[in-house]
*Asks:* 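Please read through the structure below; I'll follow up with questions.
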There are 4 protein chains.
Amino acid sequence: MEPSKSGKAEPRWERRKEARPSELVAAAVELFAEKGYAATRLDDVAQRAGVSKGTLYLYFDSKEELFKAVVRTGIVPAIQEAERLVDGFAGSATELVHEIFTGWWRLIGANRLSAIPKIMIAEARNFPEIADFYHDEVMEPGKRMFARAIQRGVDSGEFRPLDVQCAVRVLLAPLVMHAIWQHSLAGCEKNLVDPARYLDTYLDLALKGLQVRR
Amino acid sequence: MEPSKSGKAEPRWERRKEARPSELVAAAVELFAEKGYAATRLDDVAQRAGVSKGTLYLYFDSKEELFKAVVRTGIVPAIQEAERLVDGFAGSATELVHEIFTGWWRLIGANRLSAIPKIMIAEARNFPEIADFYHDEVMEPGKRMFARAIQRGVDSGEFRPLDVQCAVRVLLAPLVMHAIWQHSLAGCEKNLVDPARYLDTYLDLALKGLQVRR
Amino acid sequence: MEPSKSGKAEPRWERRKEARPSELVAAAVELFAEKGYAATRLDDVAQRAGVSKGTLYLYFDSKEELFKAVVRTGIVPAIQEAERLVDGFAGSATELVHEIFTGWWRLIGANRLSAIPKIMIAEARNFPEIADFYHDEVMEPGKRMFARAIQRGVDSGEFRPLDVQCAVRVLLAPLVMHAIWQHSLAGCEKNLVDPARYLDTYLDLALKGLQVRR
Amino acid sequence: MEPSKSGKAEPRWERRKEARPSELVAAAVELFAEKGYAATRLDDVAQRAGVSKGTLYLYFDSKEELFKAVVRTGIVPAIQEAERLVDGFAGSATELVHEIFTGWWRLIGANRLSAIPKIMIAEARNFPEIADFYHDEVMEPGKRMFARAIQRGVDSGEFRPLDVQCAVRVLLAPLVMHAIWQHSLAGCEKNLVDPARYLDTYLDLALKGLQVRR
DNA sequence: TATGAATGAGGATTCATTCAT
DNA sequence: TATGAATGAATCCTCATTCAT
């Protein structure tokens, strides 16, 4: 790796203007999720991204801007993907609900983005502006999308009639809770549950709760 | 200023060795819930409790000890109360689940203690020791208690057989999520749901999900 | 810990709530005059005042507020004193001008306050707000006062008629320049002039320049 | 834009090895005068000169060297010009003094170079080396030159005998003060004086102060 | 006990300077 | 030559903690 004899010294740093922002955001997601906003030091973010503290300031004006970028750039693509998913769906309401649950799991719950809900919950009060953004751009679309799926089932006679607004919140809670869990108390747990079993049980309970009894 | 002849002179401000700690903890619960641990200033905690910063240090050795006291003294009485509730219950499994849900709502979800879950989620990683305490003393007992209620239903034929460990987690999520909500993003929400309707819908979905179909 | 012999250990610090602000301002006057605003470190100000950096912040919200306090509290008393001086003067215009020059010398030019004009000149552009204050509260009153003295002389026939507004500026320049000098280039000068001779020559030239020729 | 067939291809941006330094110095004069040394960012200097920060370092080793160049290259030509002016003068002492005042006004007071005295006053303490240079190369020659003019008047009987060293300082103060003014508090002034009237009044007062009474 | 002035370590931010391109 | 991305030392400011009163 280091051709110490070839005469070419290892350069002290490289120019990577394009890659830096996303690397910094990725490092910041992890640290904000782990420690919270206030307890995260920019020194650590920079170090984890492999740059110096000064470099971070070339790309983000302040810690607050970095935080906003984390939420914004972290979640928007996932939401768009989810909207495409639902809009193009053609099966039954039951199948759609199934698809939404497993899709959320795949896109968010099982990867780095699952940290965002925990970050938002912990810091919403300190960042009303970004909380509003999150509410408007993430939660409202998410709830609307899921409400449409349930309403479709009620209309088709698959699901029992119920208070859709409340049902949406109740039914999404186990998904969100699971994500939050991974980034907070999961480390304490001795007998961890298998995610697949958790998802199965969740689908079973939710659909049985929704469906009309034949 | 005051007639000193009444025997015992009225002190300007009373010594309240006993009341101080709980007043400080109460002030701290609110501020930790609102701002998070790191962003909460002890100056503010003291001020909200109506004492000086120095006084706070007479009762708690450090900010960390205050935090631990918040979690410990905040949640333990509620857990004990809940355990009494369940242990002495004599009705059907359905009625017991119903009682647990509404009891949690009454004891925790609807008052100041609902802040504790949010605090723990936000700070678990920074305080493994107190997170362990919370897990062992709050979550495990809670899940065990609820698991017993479900198992009783399965045994009696009221509920379908299912993975009880997973079901417990799924079914408690909407309760916990609701509490967390109140202390984070609720302020952004335009069309708030009525808590009573939320609880009703939740009970309806959960029980229908659990029960065998006749 | 070890009460060497007097039995009373040296306390680590004292409470001096009253004295601190003026001590800090005094230290700051010197350093701002010496190094300029930006190059003055608050650490040094605090150290010169014999306190820690944190203590400085108990009394001044920011470096900028400290700077404002330096100008405001440094100069206002001197101006008030000067106004009293002129208002109560009963002699001839020549004597009044003489009195103003020597008074300025005594009150400002020869002591610590002579640093303020240099500070203002160096930093006016960076602190428009405090520059306005200085202009309105120090320079305008000063010029007005001096203009009245000259006008009195013109009216009484002691002085030649001239453009009073311009004359005021011209005649005050050597006084102000001398003060500025002390805090800037005086250190370079090999053959320093005697202040008393400078003042005498100045009075001689100024009065001869003003007076009508008999 | 230009026909490239003309033999020599026009470079996108021309190498201007010779013009760069003076363009950078010109930009630096303005910014040092406006903000002071410490508060001036090299980024801004480079930008105002239309180059990048890196380019600045091709011509000046450090901020300090740039500062020195500002003083040195800014003022030396003016001094040389002034010396030529005085050395070749043939009229009376009164006419010479008149010529020096108006010459200074023309060469320095009314253009960009008038910023140098303010810069030196503000930064002399931080740059003893450059202050010495300024003292030796600018102030001493200036005072010597002016002293010779006054001495010539005293010798010829035009001027009263007086302390020439002090008189020089007193008489130059209004000129220097005016220049300093333009670069500091002039922005605060509501009723600005006309420079021409100021100069006239100054000449009138100074010469009347100097001349013997016939 | 209670207070709040004083402390100082810690972290965000700036910017002169370097150096890969 | 010229650029501007990258660096890191320097400095403002905060706040948990101590301690004289």
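In what follows, every chain begins at residue 1, and chains take the letters A, B, ... in the order their sequences are listed.
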*Asks:* Short of 4.0 Å, heavy atom to strand atom, which residues of residues 58-66 of chain C count as contacting DNA chain F?
*Replies:*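 Going residue by residue through residues 58-66 of chain C, the ones with a heavy atom under 4.0 Å of DNA chain F turn out to be C:S62, C:K63.
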
*Asks:* Within this structure, what is the CG-to-P distance between A:L24 and F:dA5, rounded to whole angstrom?
*Replies:*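 Spelled out: CG on A:L24 to P on F:dA5 is 14 Å.
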
*Asks:* Mark yes when over 12 heavy atoms from residues, nucleotides or ligands other than A:Q47 sit less than 6.0 Å from its CD; otherwise mark no.
*Replies:*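 Incorrect, the count does not exceed 12.
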
*Asks:* With ring centroids as reference points, do D:Y37 and D:F127 lie under 6.0 angstrom apart?
*Replies:*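 Yes - the distance between ring centres of D:Y37 and D:F127 falls below the 6.0 Å cut-off.
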
*Asks:* Rounding to a whole Å, what distance do you find between B:L42:CG and F:dT14:P?
*Replies:* 16 Å

*Asks:* With the side chain of D:R41 defined as its heavy atoms from C-beta on, choose the nearest nucleotide among E:dA5, E:dC15, F:dA6.
*Replies:*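 Shortest atom-to-atom distance from the side chain points to E:dC15.
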
*Asks:* Quick one: is E:dT1 close enough that its OP1 or OP2 comes under 4.0 Å of any side-chain N or O from B:R20?
*Replies:* no

*Asks:* Nearest to the side chain of C:K53, heavy atoms from C-beta on, is which of F:dT7, F:dA20, F:dC12?
*Replies:*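 The answer is F:dC12.
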
*Asks:* Within less than 4.0 Å of OP1 or OP2 of F:dA2, is there a side-chain N or O belonging to D:S52?
*Replies:* no

*Asks:* I want to confirm an ordering. Mapping B:V51 and A:A38 to their closest nucleotides on DNA chain E, which one lands closer to the 5' end?
*Replies:* B:V51

*Asks:* Whole angstrom is fine here: how far is it from CD in C:E14 over to P in E:dT7?
*Replies:*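 Rounded to the whole Å, the gap is 10 Å.
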
*Asks:* If you find the nucleotide of DNA chain E closest to C:R16 and the one closest to D:Y37, which residue's nucleotide is nearer the 5' end?
*Replies:* C:R16

*Asks:* If you check the A:K17 side chain, which of F:dC12, F:dA5, E:dT13 turns out closest?
*Replies:*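 Selected nucleotide: F:dA5.
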
*Asks:* Look at the side chain of B:T55 and decide which nucleotide, out of E:dA6, E:dA20, E:dA2, has an atom nearest to it.
*Replies:*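 Of E:dA6, E:dA20, E:dA2, E:dA2 is nearest to the side chain of B:T55.
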
*Asks:* Is atom CD of C:E65 surrounded by more than 12 heavy atoms (other residues, nucleotides or ligands) closer than 6.0 Å?
*Replies:*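 More than 12 heavy atoms, drawn from other residues, nucleotides or ligands, come within 6.0 Å of this atom.
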
*Asks:* Rounded to whole angstroms, how far apart are NZ on B:K35 and P on F:dA16?
*Replies:* 12 Å

*Asks:* How many whole angstroms separate atom CG of A:D43 from atom P of F:dA9?
*Replies:*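 Those two atoms, CG and P, are 11 Å apart.
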
*Asks:* What is the distance, to the nearest angstrom, from the OH atom on B:Y57 to the C1' atom on E:dG4?
*Replies:*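 Spelled out: OH on B:Y57 to C1' on E:dG4 is 14 Å.
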
*Asks:* When the distance from CD of A:Q47 to P of F:dG8 is rounded to whole Å, what number comes out?
*Replies:* 11 Å

*Asks:* Using the rule given for side chain to side chain contact (heavy atoms under 4.5 Å, CB included), can you reason through C:I116 versus C:V70, listing the C-alpha separation, both sets of side-chain angles and the distance that settles it, and then say yes or no?
*Replies:* CA-CA 8 Å; C:I116 307 278; C:V70 161; 4.1 Å; yes

*Asks:* Take C:K68 and C:E129 through the test side chain to side chain contact (heavy atoms under 4.5 Å, CB included) and record every step on the way to the result.
*Replies:* CA-CA 9 Å; C:K68 291 176 182 176; C:E129 183 196 338; 2.9 Å; yes

*Asks:* Dot-bracket notation for DNA chain E is requested: 5' to 3', Watson-Crick or G-U wobble pairs only, both distances under 3.5 Å, with ( ), [ ], | and . as defined.
*Replies:* .||||||||||||||||||||

*Asks:* Can you tell me how far the CZ atom of B:R125 sits from the OG atom of A:S184, to the nearest 0.5 Å?
*Replies:* 7.5 Å

*Asks:* Would you mind reporting whether B:N126 and B:E123 have side-chain heavy atoms less than 4.5 Å apart?
*Replies:*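 SC-SC contact between B:E123 and B:N126 confirmed.
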
*Asks:* Any non-hydrogen side-chain atom of A:R112 less than 4.5 Å from a side-chain atom of A:E30?
*Replies:* yes

*Asks:* Please compare D:G50 and C:G54 by the position of their nearest nucleotide in DNA chain F and report the one closer to 5'.
*Replies:* D:G50

*Asks:* Any Lys/Arg nitrogen of A:E23 or A:R48 sitting under 4.0 Å from an Asp/Glu carboxylate oxygen of the other?
*Replies:* no

*Asks:* For A:W13 and F:dA6, give me the distance from atom CH2 to atom P, rounded to whole Å.
*Replies:* 7 Å

*Asks:* Considering the options D:F133, D:F60, D:Y134, D:F32, which one meets the ring pair (Phe, Tyr, Trp, His ring centres under 6.0 Å) requirement together with D:F67?
*Replies:*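 Among the candidates, only D:F32 passes.
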
*Asks:* Of the candidate nucleotides E:dA5, F:dC13, F:dG4, which contains the atom at the shortest distance from the side chain of C:R15?
*Replies:* E:dA5

